[in-house]
Amino acid sequence: MSACVPTRADDPRREEHSHEPHSPPPARRPRLAGADVSASIAVFLIALPLSLGIALATGAPLQAGLVAAAVGGLVAGRLGGAPLQVSGPAAGLTVVTAELIHQYGWRTTCAITVLAGLAQLGLGLLRVARTALAVSPAIVHGMLAGIGVTIAVAQLHIVLGGIPHSSVLDNLRELPAQLARVHPAALAVSVLTLALLVLWPRLPGRAGKLLRKVPTPLVAVAVATTTASLMGLSLPKVDLPSWSSHALAALPDGPVLGLVAAVLTITLVCSVQSLLGAVAVDKLVAGRPEQSAQVGRSDLDRELLGQGAANVVSGALGGLPIAGVAVRSSANVHAGAVSRNSTMLHGVLVVVAALLMVPILELIPLASLAALVMAVGIQMVSLHHIRTVTRHREVLVYAVTTLAVVFFGVLEGVTLGIAMAVGVALHRLTRTRITHDETEGVHHVHVRGQLTFLAVPRLSRTLHLVPQGADAVVELDGSFMDHAAYESLQDWQNTHTVHGGTVELVGRRSGVRIGEPTGPAGLQALAAVAAEESADCRCHPWTPWRNHQCEIPEAALLRDGQPGDAQGTGADDAGGGAAPSDANGALRADGTDSTGGRGGIGGHGGTGEPDKVSEPSPTGGDADSLARPDDPQDNTADAHEDTGTGAATDTSRPSARQLARGISAFQRNTAPLVRGELARLAREGQQPSQLFLTCADSRLVTSMITSSGPGDLFVVRNVGNLVPLPGHESGDDSVAAAIEYAVDVLEVRSITVCGHSGCGAMQALLASEPGAAQTPLRRWLRHGEPSLERMSDEDRPWARLAGRAPADAVEQLCLTNVVQQLEHLRAHESVARALRAGELELHGMYFHVGEAQAYLLTEGHEDRVFDHVGVADLSA
C-alpha cells in the first residue's frame, strides 16, 4: 500500500517525500501510466464476455457488441467528460434494442442509433445535461429493474436450451413447455457459469484474495467454455462471421412517428444512464483520495457530447447503442485508473481481440453467455434501490415504472412512471392532516402539511369544533399557505375573539408564536411564517441536525420574549470553553490563552484561523461552562418561555431557549419514531457491539460517523481520546472502569480508539512547557506524553495516512496518539485476557472533520498506515 510519509529534517532517508501531497513528483508518472494499463486490462477482461452476451440478448450480430465496446472506449473515452467512466453496450439498452431489431431490422436499428447520437450532440450543445438529473431516481431504478426482469426471463429460455420470444408475456407463457424439453448440456453449462458468478467473489483465505483479482465474468465464461470443450458437449456456440460481411447502417425505413419514438427512446435511456453513471463515478473517485487528487469532477455536458459522438460512430459502423456502464466503470476506478487513457486502451484491446481472437471466441457456448447476461439482469433488480425508494415513500412510482416497462415497453414505462411521480408530488402537496383535541380546557388544532384551498373545507370544519369563548391554540406545521386558507383562518380568528375567546397561533417550532395570543393583528404575518423562521435561524439547510441550535438574533429575542427578557442575551454573556486555547485553538494548561480569553477544546486547530474569543461577563461571572467559543451562551439562566402548551417555562437566554426547543422538537418529532426501539432496549438491557473511545470534541458525532443507532455503541469520551495506563499512580479509574465494564460485563467484540483532526489536546501537548503549573488539565494531559515520545523516537516508524502526507505536526501527533493509546489498551488486564482468547479486536480510527473522511488503521509489522474508508461500489 502506498502512502506519503511526512519528512523529518534530520532524516535524509525521508527527503524524497518532501513534495506537496497533491503534487506528485515527475518520477511517479510512470507508475500512474502503469496503473492505467493494468486498469485497462481488467476492464477489457470484463467487457469482452459482457459485450458478446448483450449482443446475443438483443438478437443483433455478435460482432455488433465488440464494435460498440471498442467505439465506447475510443470515442466516448476520448471525448467524454467523465474520464474514468467506461462506455459500451449496456444491459439497460437490451430490451429497447431487441424491440427495434424485431420491428425494423438490424440496419435500420443502426440508423436509429446514429440519429439518437445526433440528438445527444444537440442536447449537449444546448447544455441541458443536468436537466436529466431531475428525473426521479425511483423512475430510473424502476426502469432498470423492469429491463432486468425482461432480460432474465428472455435469457432463461436460452439457459434451458431453447429460443426466447419477443415479449415478456410470450416468454412467460412458453416457459412451462420449455421446462418440459430442457437441454441437459446447455443447462449444465449455464449452472456452472452461474455457480462461478456467485462463488468466485466469495473465495476465502489469502489464496482467495489473490484469485478474486481475476474478473468474475471472465472466469465464469472461460471455465464453462473449457469444460464444454473438454467434455465434447454439442452446444450452439458464438458465430462471428467475416468482417467483410458485417452489416452497416442503412437509411431508416419505417413509419415516421415510430422512428421518432424509437430515436427518443434510445436518446433518453442512453443519456440518463450515462449521466447518472458519471455522477456515481464521481462519488466513487471522491472516496479514493489517491485518485481524486488527479481526476477532476465530470463535465456532464461534455459527457453527453462524447456519448452522442460515440453513438453516431457505433451506429454507422454497425454497432449497438452505447451508454456508460456501471460494472466496467466501477472496475476501472477500483483498479486504480487515474486518466482517460485506461478507457481508451481498453477499446484498443477490444479491437485487437476482435481481429485476432476470433477462433477462441467461437468456442464460447451461447448458454454460458446467456447465463452471464441473466445474472446481470437479476442484479439490476436491486434490493438496495427498493429499500431506498421505500424509505422515501416512492415505492409506488418504482413499482408502476417497473411493471409498465415489463409489460408495455421502456418508453411507455418511463412515461407512466413520470406521470405517477407527478401524481405523488401533487398528492403530497395537497395532503393536509388537521386534528383537534382538548387538554386542560385548552383546544388545540394541529395542521400538518401545506394549507391550500383544497384543505379549506376540512380546516373550517375543525375550527368550528372549538366552542365559542374557549381558549384555542392553532399549530401550523407547514411552509406554505395560499390566500384562501389565509382568509379562512383570519375570519375564524376574528369571529372567535369577538365572542370572548382567545387564539394563539404557533409555528412548527414549539415556542414560536405568530402575533399576539388574543388579537388578530398577529395573523397578518402568518403567510410569511416560513420566511420569519428562516430569518431567525442562521443554520444552513444542509445541516438539519443543527436546527435545534439556531443562533437567534437579539431582535428576534426581543420580538419573541417579554419586555424584560432582553437583559443579558447579547454576545457578552458568560461563555467559554472547557479549556483555554491559544490563538490556534490549542489548550493551555495555565487556564488562559494568549489573549486572555478562553477557547474550546475542539477549537479551530490546524486551520491557522484564530478562535473567536468571548468577552468577559459583564456580571463578573465565571466562564467555565462547556460552551463553544464561537457561540457564547450560559445554560444556567432562569427565565420563562411559552411553548405553546400552556407551560410557563420561558427562558431569556439563547442556550436555555435552544435546550427547551431541542427537547420539545425531540418529543414531538423523534420520540414517536424511536419509542418502540427504546422500549425494547429498556426491556432487554444494553447490548452494544463495540466500545468506541473518542475525544470530547463537540464536532465528533459518533452515531453519525458510524451510522449507529441507539444501543449499538458504548461510548467513552474524554479530552484527547486518552487511555491511561493501569496503575495506582498513573491510572484513571473512570476510563479503566468503562473498559472493564465494556469487556467483562457487556462483552463487546471490538474496541475502537478514534482521533480527529484539529485536536486541541494534541496542540496543547506540542505547546507544553516543562515545569508548568500542574492544573487539572495538565495532570490529565500527562497521559498523552507517551504519544509525544513515540513521535520523537527515530527508531519507530511514523503512523501515516494513505495517499497523502499529514498536514502538519498536529495531525501527525493525532495519528501517533491513536496508535499509542491502542498499546495502552493492551496493558489493561481485561483487554489482554479477551485478546488472548480471540474474543476481542482493537481498531484505530482517524476522522478528518473538515473533509468528513474516515481512516482506519491497517497494522503490519513495520507499517502503521491509516487507510481511507471509501463509498460503496456501484451496483451492476
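Since we're looking at a predicted model, the values are computed, not measured.
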inquiry  = Any carboxylate oxygen within less than 4.0 angstrom of a Lys/Arg side-chain nitrogen, looking at Glu823 and Arg790?
reply    = yes
With a cut-off of 6.0 Å (strictly less than), are more than 12 heavy atoms of other residues, nucleotides or ligands near CD of Glu677?
yes
Regarding Asp712 and Ser689, do their side chains bring together a donor and an acceptor under 3.5 Å, going by distance alone? no
| task | Run the salt-bridge test on Glu785 and Arg778 with the 4.0 Å N-O cut-off and return the result as yes or no. | result | yes
Contact check, side chains of Val325 and Val86, non-hydrogen atoms, under 4.5 Å
no
In this structure, CH2 of Trp200 is separated from CG of Leu211 (nearest 0.5 Å) by 4.5 Å
CG (Leu673) and CZ (Phe666) are apart, to the nearest 0.5 Å, by 9.5 Å
Distance col, row Gln85:CD vs Arg328:CZ, nearest 0.5 angstrom, shows 11.0 Å
Taken to the nearest 0.5 Å, the spacing of Leu813 CG from Leu788 CG works out to 5.0 Å
For Asn721 and Thr694, which I'm curious about, is there any donor-acceptor pair between the side chains at under 3.5 Å?
no
Check: Are Ile46 and Leu218 close enough, and set up right, to give a side chain to side chain contact (heavy atoms under 4.5 Å, CB included), and what steps lead you there?
Finding: CA-CA 6 Å; Ile46 295 174; Leu218 177 68; over 6 Å; no
One should read off an interatomic distance between Ser750 OG and Leu691 CG, to the nearest 0.5 angstrom, of 8.0 Å
Between Leu822 and the options Leu842, Val831, Leu693, the side chain to side chain contact (heavy atoms under 4.5 Å, CB included) test singles out Leu842
query = Any chance the side chains of Ser298 and Asp282 put a donor and an acceptor closer than 3.5 Å?
reply = yes
- Message: Do Leu722 and His824 have side chains that approach each other closer than 4.5 Å (heavy atoms only, starting at C-beta)?
- Response: no
To the nearest 0.5 Å, atom CG of Asn718 lies from atom CG of Asp697 at 12.0 Å
Report yes or no: do Tyr846 and Glu811 form a side-chain donor-acceptor pair below 3.5 Å? yes
message: Quick one, Leu825 and Ile739 - any side-chain contact, counting heavy atoms below 4.5 Å?
response: yes
- Indicate whether any N or O donor in one side chain lies under 3.5 Å from an N or O acceptor in the other, for Asp808 and Gln812. no
